Amino acid sequence: MSLWEFLSDRLDRLLIQIICAATAFFFLRATGTQAGVLVILALALLLVFGAVQLADFFRQRARLQELEAILDGLDQKHLFAECLPPARALYERRLFRLTRRAGQAMAETVSNAQAAQREYREYVEQWVHEVKAPLTAARLICQNLDGETRRRLTGELARIEEHVERALFYARAESPERDCVIRQTRLEEIVTQAVGNHKALLIQSGVQVETQGLDRSVYTDGKWAAFILGQLLQNAARYRGETPTVTFTARSLGQQVQLIVRDNGIGIPACELPRVFDRGFTGSNGRSRGGSTGMGLYLCRKLAGFLELGLDISSQEGDGTTVTLTFPAREAL
């Protein structure tokens, strides 16, 4: 708080005081008080008035600085009302009481919202697990159908399973610590799991998978990392070229291992590349080919952030896309 802000806030009060002082001086002058006496009285009043205002200004500024320091020192800012110091005056005491009541109401509202969100997330997770049973049954029924019908129905079931799996990880991403287990895992196992989960889609789309140098160990959650790679495989199949190929290559970088996933698909326009990780962004390719939700790469970025993985993407329109995942290869101390 500056002195100008302090005086501006008290402008109406200052004007009233000046008017009262001027009225008193005119009255004293009218009753015959000498001009010299009036000047001395004016100077004395001015000094006292100025000293009182300055003292009040410094007192209020120190109080605000104290409260700001308390707020800045809190990790959870919403607890500020509970950490207020004792009030120094009646007005401050009433104001702090109202602030605490507002903070308690906000905390209750936030708690209710978190509980509702937690219940919804648990319901989604339960629903995903339940819906997998009829999907598995439908896959078994498909085995008794003729070739073309089985191929088409199997493909549609695979798409449903992809959306269901994405919904499950979207729900888990709100509290990843409940399901995530970081441990030493072989890159080859993660890639094999991701490819196996999307085998039907890759075969139907004619996508070939090539691997090189995956005999390395990293520290991550294998299931979550496989989900990230699965989203990249889905994109490679959806935005494939004439002879689609996905290549997985690994290389060591000291205490890190980089997994480079490259496809030779249609690529991403340069103007859209900075936005591909935004929630709900589909881009021109997604709109032209359909079926895109704009959630796959968003989830990849979110899960990679929790797993402390580096995630970088580069692409050239018409020449494919390259995604680089950087894994820790040493256990964090």
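All values derive from a computational prediction rather than experimental measurement.
- In this structure the side chain of T321 never reaches within 4.5 angstrom of the side chain of N235, judged on heavy atoms.
- Side-chain atoms of R240 come within 3.5 Å of backbone atoms of A237 as a donor-acceptor pair (strictly under, hydrogens ignored).
- Of the options Q184, R183, E308, a side-chain contact (heavy atoms from CB on, under 4.5 Å) to Y219 is made by Q184 and by none of the others.
- Annotation for R186: atom CZ counts as buried by contact number, over 12 foreign heavy atoms lying within 6.0 Å.
- Environment of CD in E188: sparse, with no more than 12 heavy atoms of neighbouring residues, nucleotides or ligands closer than 6.0 Å.
- Side-chain N or O atoms of T23 include one that pairs as donor or acceptor with a backbone N or O of I19 at under 3.5 Å.
- T211 is not listed as a side-chain neighbour of V195, based on a closest heavy-atom distance of 4.5 Å or more.
- Of the possible polar contacts, none joining the T322 side chain to the G320 backbone as a donor-acceptor pair under 3.5 Å is found.
- Within the 4.5 Å cutoff, side-chain heavy atoms of V261 are placed close to those of V246.
- A donor-acceptor pair is defined here as one N or O able to donate and one able to accept, closer than 3.5 Å; such a pair exists between the side chain of N264 and the backbone of T243.
- For the pair F248/L233, a side-chain contact is recorded, criterion being any heavy-atom separation below 4.5 Å from C-beta on.
- Using a distance-only test at 3.5 Å, with no hydrogens or angles considered, no donor-acceptor pair links the side chain of D56 to the main chain of V52.
- Minimum interatomic distance between P244 and G206 (heavy atoms only, all atoms of both residues): CG-O, 3.3 Å.
- A heavy-atom distance below 4.5 Å is found between the side chains of P85 and R63.
- Heavy atoms from other residues, nucleotides or ligands lying under 6.0 Å from CZ of F49 number more than 12.
- Here the closest non-hydrogen pair linking I228 and A304 is CD1-N, 4.0 Å.
- L259 pairs in a side-chain contact (heavy atoms from CB on, under 4.5 Å) with only one of the listed residues (V323, T249, V191), which is V191.
- The minimum heavy-atom distance between L311 and R301, with the atom names listed, is O-NH1, 3.3 Å.
- By the neighbour-count criterion of 12 heavy atoms within 6.0 Å, atom CD of E66 is densely surrounded, having more than that number from other residues, nucleotides or ligands.
- Counting heavy atoms from C-beta on, the side chains of I190 and V218 come closer than 4.5 Å.
- Between T220 atom OG1 and L309 atom CG the span is 4.5 Å, to the nearest 0.5 Å.
- The 12-atom threshold is not exceeded at NZ of K199, counting heavy atoms of other residues, nucleotides or ligands nearer than 6.0 Å.
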Report the C-alpha separation of Q212 and T247 in whole Å, then their side-chain angles, then the decisive distance to 0.1 Å, and conclude whether the side-chain contact (heavy atoms from CB on, under 4.5 Å) test is met.
CA-CA 8 Å; Q212 182 179 356; T247 304; 5.5 Å; no
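- At least one donor-acceptor pair under 3.5 Å links the side chain of D221 to the backbone N or O of W224.
- Of all heavy-atom pairs spanning V276 and F281, the tightest one is CA-CD2, 3.9 Å.
- Considering every non-hydrogen atom in both L229 and L325, the closest pair reads CD2-CD1, 3.5 Å.
- Taken to the nearest 0.5 Å, the CZ atom of F327 stands 9.0 Å off from the OG1 atom of T185.
- Considering only heavy atoms from C-beta on, P328 stays 4.5 Å or farther from V257 through its side chain.
- Applying the salt bridge (Lys or Arg N to Asp or Glu O under 4.0 Å) test to every pair with at least one member in residues 245-264, sequence neighbours left out, gives these pairs: R262-D319.
- Around CZ of R100, the count of heavy atoms belonging to other residues, nucleotides or ligands within 6.0 Å exceeds 12.
- Counting heavy-atom neighbours within 6.0 Å of Q255 CD, excluding the residue itself, gives a total of 12 or less.
- In this structure the side chain of L43 never reaches within 4.5 angstrom of the side chain of I40, judged on heavy atoms.
- Under the 3.5 Å distance criterion, with hydrogens and angles disregarded, a donor-acceptor pair is assigned to the side chains of E272 and S284.
- The nearest pair of heavy atoms linking Q231 to G296 is OE1-CA, 3.5 Å.
- Distance check: R59 CZ to L64 CG gives 10.0 Å after rounding to the nearest 0.5 Å.
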